[in-house]
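The shown structure was predicted, so the numbers you read here are calculated from the model rather than taken from an experiment. Every number for a ligand or one of its atoms is a count from 1 in the order of the listing.
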Amino acid sequence: MIRDSHELLAYVNGELVPASQPAISALDSGFNFGDGVFEGLRVYEGRVFRLDDHIARLYASARAVDIDVGMTPMRFRDEILAWLRANQIIDQFHFRPIVTRGERWPPRVDPRFASGSPNIVFVGASIEPVAGDLRLVVSRVRRTPAESLDPNVKSLNYLNNIQARREAIFAGADDCLMLDDGGFVSEASASNVFLVRDRELLTPFTRSCLAGITRDTVMQLARGIGLRVTETDLTVADAKRADEIFLTGTAAEISPIAELDGLSVGNGDRPITDQLHSLYSALVRRQDHAIGLNAQPTN
Ligand SMILES: Cc1ncc(COP(=O)(O)O)c(C=O)c1O
């Protein structure tokens with residue numbers, strides 16, 4: 001269990017360094033401008049869930065903003081697995097591989113000032129399942145429009161989401177529903193959202209939210225048990241009259257929502273959320289959907 005930052009060795013450009021010690025240049029593009037991309041992954045019982053899919057998404061994010069990761073995805077995977085082994089990570093661990101545009105001199109906006117070699121960092125911490133039902137509010141902070149920052153580029157620009165989460169916390173809630181620029185439900189501050197209505201799952205299109213890997217897993221699981229799953233525009237009123245609401249994400253897993261803007265969700269029963277939650281918990285521990293920490297390096 002890594003509970004304290006002093007217990008973790010971070011990966012910084014191939015070196016293992018105590019996570020709380022300075023190891024990245026003050027000129028780093030991610031630190032100065034949020035100019036970088038990242039992923040969030042989770043280890044269950046000695047295995048990393050959907051590791052290759054997360055790496056593919058990281059490389060797609062990097063490509064979309066013209067950051068060269070500087071190594072093959074296979075090598076990146078081996079670096080992650082070696083780092084997890086070095087930290088003796090086995091279970092209940094959430095981690096973030098981060099790739100920035102590297103050092104920038106002078107430290108100004110023009111990306112041509114970046115050195116061209118990325119800074120690559122892996123950090124993480126122990127994580128427990130989300131405890132209990134969550135209360136949401138509808139945030140006044142809108143999701144950055146896709147034309148300004150595509151939600152499918154998992155960039156280091158999370159100020160939008162953090163402002164929304166702060167607003168929710170000040171309102172006494174746990175998290176929020178963010179709306180897109182058209183006023184439709186987009187996602188929560190760091191997870192996707194699903195409504196259940198008459199045994200059908202409804203979720204926003206990925207033009208306004210991240211195509212979450214948990215979202216995709218849940219859609220597959222739901223279809224596997226014969227539920228209809230529809231991507232559609234959803235209003236706040238749709239959410240308020242849903243039978244069940246849940247969030248999905250690598251950290252959130254499947255988190256049931258008890259309240260939205262002070263209103264109880266449905267009649268309080270949540271058979272579909274519970275069923276999907278148990279299917280998900282079993283799946284993340286299954287060998288065939290995960291990469292073992294004892295996997296051999298590929299090159
Ligand atoms: C804004 C946002 N939406 C959705 C998600 C869920 O994505 P995933 O299921 O791939 O973890 C995340 C996860 O970090 C997120 O930051």
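- When hydrophobic residues (I, L, V, M, F, W, Y) are linked wherever their side-chain heavy atoms come within less than 4.5 Å, Leu263 remains an isolated member.
- For the pair Arg96 and Phe38, the cation-pi test (distance below 6.0 Å, angle within 45°) is passed.
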For this session: Evaluate the salt bridge (Lys or Arg N to Asp or Glu O under 4.0 Å) criterion for residues Asp180 and Arg142: first the C-alpha distance (whole Å), next the side-chain angles of each, then the deciding distance (0.1 Å), finally the verdict.
Result: CA-CA 6 Å; Asp180 65 17; Arg142 294 278 172 107; 5.7 Å; no

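- Donor-acceptor pairing under 3.5 Å is recorded for the side chains of Thr235 and Asp238.
- The ring pair (Phe, Tyr, Trp, His ring centres under 6.0 Å) search around Phe33 returns none, not counting sequence neighbours.
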Could you go through ligand 1 and list every pair where one of its N or O atoms sits under 3.5 Å from a protein N or O, giving the atom names and the distance to one decimal?
residue: ligand 1; atom: 3 (N); partner: Glu187; partner atom: OE1; Å: 2.6
residue: ligand 1; atom: 9 (O); partner: Ile213; partner atom: N; Å: 3.3
residue: ligand 1; atom: 9 (O); partner: Thr214; partner atom: N; Å: 2.9
residue: ligand 1; atom: 9 (O); partner: Thr214; partner atom: OG1; Å: 2.6
residue: ligand 1; atom: 10 (O); partner: Arg57; partner atom: NH1; Å: 2.9
residue: ligand 1; atom: 10 (O); partner: Arg57; partner atom: NH2; Å: 2.9
residue: ligand 1; atom: 10 (O); partner: Ile213; partner atom: N; Å: 2.8
residue: ligand 1; atom: 11 (O); partner: Thr250; partner atom: N; Å: 2.9
residue: ligand 1; atom: 11 (O); partner: Thr250; partner atom: OG1; Å: 2.6
residue: ligand 1; atom: 14 (O); partner: Lys154; partner atom: NZ; Å: 2.7
residue: ligand 1; atom: 16 (O); partner: Lys154; partner atom: NZ; Å: 3.4
residue: ligand 1; atom: 16 (O); partner: Tyr158; partner atom: OH; Å: 2.5

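- Shown here are the salt bridge (charged side-chain N to carboxylate O under 4.0 Å, His left out) partners of Arg207, two or more places apart in sequence or in another chain: Asp233.
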